[in-house]
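Below: the structure, in structure tokens.
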Amino acid sequence: MDWMICQSIQDRTFDAHGQLVYSLNNAHEDGWLGEVVVINGAIAPTTIVPAGKVRLRLLNGANARFYVIQFSDHRTFHKIATDGGLLEKPVPLTTMEMAPGERCEIIIDMTETDSAELLTIFEDEYEGEGVVDTILRVFNLFNPPLPNPSLTLIVDHSLDGHTAPIPQKLNTIVRPEESEIAITREFILEMNGGEDGHHAGMSMTINGKSMNMKVINERIQRSVWERWRVISDQGAHPFHVHGCSFLVEQMEGRATPPAHQGWKDIIVVDDDDWAEFIVRFDYPATDDYPYMYHCHILEHEDMGMMGQFTVG
Ligand SMILES: [Cu+2]
């Protein structure tokens, strides 16, 4: 029996009548941040699982929130897949960041436990701010209060569980030779204007241009390897490309961590930082039906942080 469970994580705000609250004009410059986590549309659901290995496919479906995923007992889990496919080998983790739009798959071993509580910590609250938090973090004493579980897995011992070890070889990822990379493109993500960290009135651009339905920003040759360098002028942005999966080469000049060495279609560039990936587009896209690249923070793409490209 294959226990794969898909979980879409979002944070939402509800009014006193349980109705969704949303206002683009009242969004923070980092996008709309909700108050309550919902998993597949439910608050703090439970899921019955067997006493064995359980595979979760997680989607950060938030408008703008970055989550830190961990379990309440700090247990180790294994990341086995990124946005677009299996990693070459499983990566053991106790904590994992997920940006808006990102997907991943993890294996949790429920063999010797009755339950597990998944936490989705708001990264902006987890990091802490100010001098005191910074000093505490330096001495490894920064322990922000943990939120309530967003999802609880409960073992039903009558179910048939999968107890075999996780295979150590999951995939073979073939990278091109440097000589096969034909062109380098640069994408600078910019946020300008606005007041007091407020979203309204800001202009969001890529390479100085806001999204225009009538403009094709890039023309790309089909089935040719390219290197894309993505730079954040201000703010953290999950940069997403349609019509492809790519391989991250560098994040801020450092080698790609093992947990990010699989096929991806979203790369986070932090405030004033950059990342590079290699990519090849194997499917055509015309002027009438182009692909897009954009920041996956909904309020940023809505404000113009998006471009169009053809593949021919
Ligand atoms: Cu953005």
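In this chain, residues are counted from 1 in sequence order. When a ligand or atom number is given, it counts from 1 through the structure's own listing order.
Environment of CD in Gln221: sparse, with no more than 12 heavy atoms of neighbouring residues, nucleotides or ligands closer than 6.0 Å.
Side-chain contact check for Asn63 and Glu299: at least one donor-acceptor pair (N or O, by modelled atom type) lies under 3.5 Å.
Under 4.0 Å is where a charged nitrogen must lie from a carboxylate oxygen, and between Glu190 and Lys209 no such pair does. Using a 4.0 Å cut-off between a side-chain N of Lys or Arg and a carboxylate O of Asp or Glu, Asp265 and Arg103 qualify as a salt bridge. Between Glu102 and Lys264 there is a salt bridge, since at least one side-chain N of the basic residue sits less than 4.0 Å from a carboxylate O of the acidic one.
Of all protein atoms, those of element N, O or S that lie under 2.8 Å from the Cu ion (ligand 1) number 3.
Aromatic ring centres of Trp228 and Phe281 lie closer together than 6.0 Å.
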